[in-house]
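Take a look at the structure below.
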Amino acid sequence: MLVYFVTDEPTKLPAVRAMFEPQHAVVPWLLGGDGTRIRSHGVLMVDVDLRQMPRVDQLRFILRDLAGISEKLFVVHNLSRSMVAQAYALGATAVVSRAKEAIAKVAQIEATEAAAGDKAAISGSEMDEGVAAFASMFSNVRLGKPVKVADAKRATSKIINRVGQDGLSAWLDEVRRYHEGTFQHCLLVTGVAVGFALDIGFSGADVSRLGLAATLHDIGKARIPLSILDKPGRLDPDEEEIIKRHPVIGYDLLKGVTGISQEILDGVRHHHEYLDGSGYPDGLKASQISDLVRLLTISDIFAALIESRTYRPPMPRPAAYQILCGMEGKLEGSLVRAFRSVALGS
Ligand SMILES: [Fe+2]
Ligand SMILES: [Fe+2]
């Protein structure tokens, strides 16, 4: 089960991780930082000093995004009466006096969900762990820390297991149900790329290579302001310029990091290049674009088209595939044809 840990005190995170992991995956959400745009999955655990009004205001803002999560545990140290009342006013479903007491509560919730036959709670652990590793990678980069390659590899291998076991359609449905924005996009691209690699019979090592490139392809977006990144509707030309920097930002973030190969760097920097030279940032032409990048670009465009947004329904997969077919000259035709069964789910 996923435990979303909302706190104003990052130093509390290691102890909470030690408490819950490995049985449950902990996704940190620092007050004032960026969350993962979850919709309705897992348990929320809030450990924030409720005596400080600016923090309560920030918390209220976060909780609005998390309205879909039904179980909300609040830690109120010493159980001061006014703070307990404040917690319930903010939507707490249970209040505990110490973080440690949350373990029993989470176990209880899990047992209740399992008894109710909630399939996501029982079989979703592979997804949960992949998502948690992904979230940890993104939040680190957003906080100005270096990319943890171990998180990226862990997320990729969990997604490969899940797509290999249950198929791409199940992965796409789950991701679109529970996540939003850039985070949803990256999880979708990785699923699609892995599904593509499996479908065309790649070796295990090659599936992992493409999967890792997909996991990291938009990591540069973690450094783009959220107001631009998740803006509903059209971007103005200045905003578009800023967002177009993400391949180079990602490349710079990963350059020189141990465990990141040249081909991953290539994928991160060049997934918006087109064979006819009309892409960015380097305006590469066909012969300069590697096979891995060509596969990644197709997966990226397709995933972007079928994303679920709050302000519009997702495009049906056949319509998205038609758009790829219309991009002749930009994408490799034979690969787009090979992608047909993956795109249509047949
Ligand atoms: Fe991108
Ligand atoms: Fe992308």
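Both ligands and their constituent atoms are indexed starting at 1 by order of listing.
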Requested in this report: Report yes if some heavy atom in the side chain of Met137 is under 4.5 Å from a heavy atom in the side chain of Lys148; otherwise report no.
Outcome: no
Report summary line: Excluding water, the protein N, O or S atoms sitting under 2.8 Å from the Fe ion (ligand 1) are Asp218 OD1, His246 NE2, His271 NE2, His272 NE2
Query raised in the report: Any chance the rings of Phe302 and Phe339 have centres within less than 6.0 Å?
Result: yes
Query raised in the report: Does Tyr280 offer a backbone N or O that forms a donor-acceptor pair with the side chain of Tyr274 under 3.5 Å?
Result: no
Report summary line: Between His246 and the options His185, His271, His217, the ring pair (Phe, Tyr, Trp, His ring centres under 6.0 Å) test singles out His271
Query raised in the report: So, Glu174 and Arg162, do they make that salt bridge, N to O below 4.0 Å?
Result: yes
Report task. Assess whether side chain to side chain donor-acceptor pair (under 3.5 Å) is satisfied between Ser97 and Glu101, documenting all intermediate values. Result -> CA-CA 7 Å; Ser97 67; Glu101 291 168 29; 2.8 Å; yes
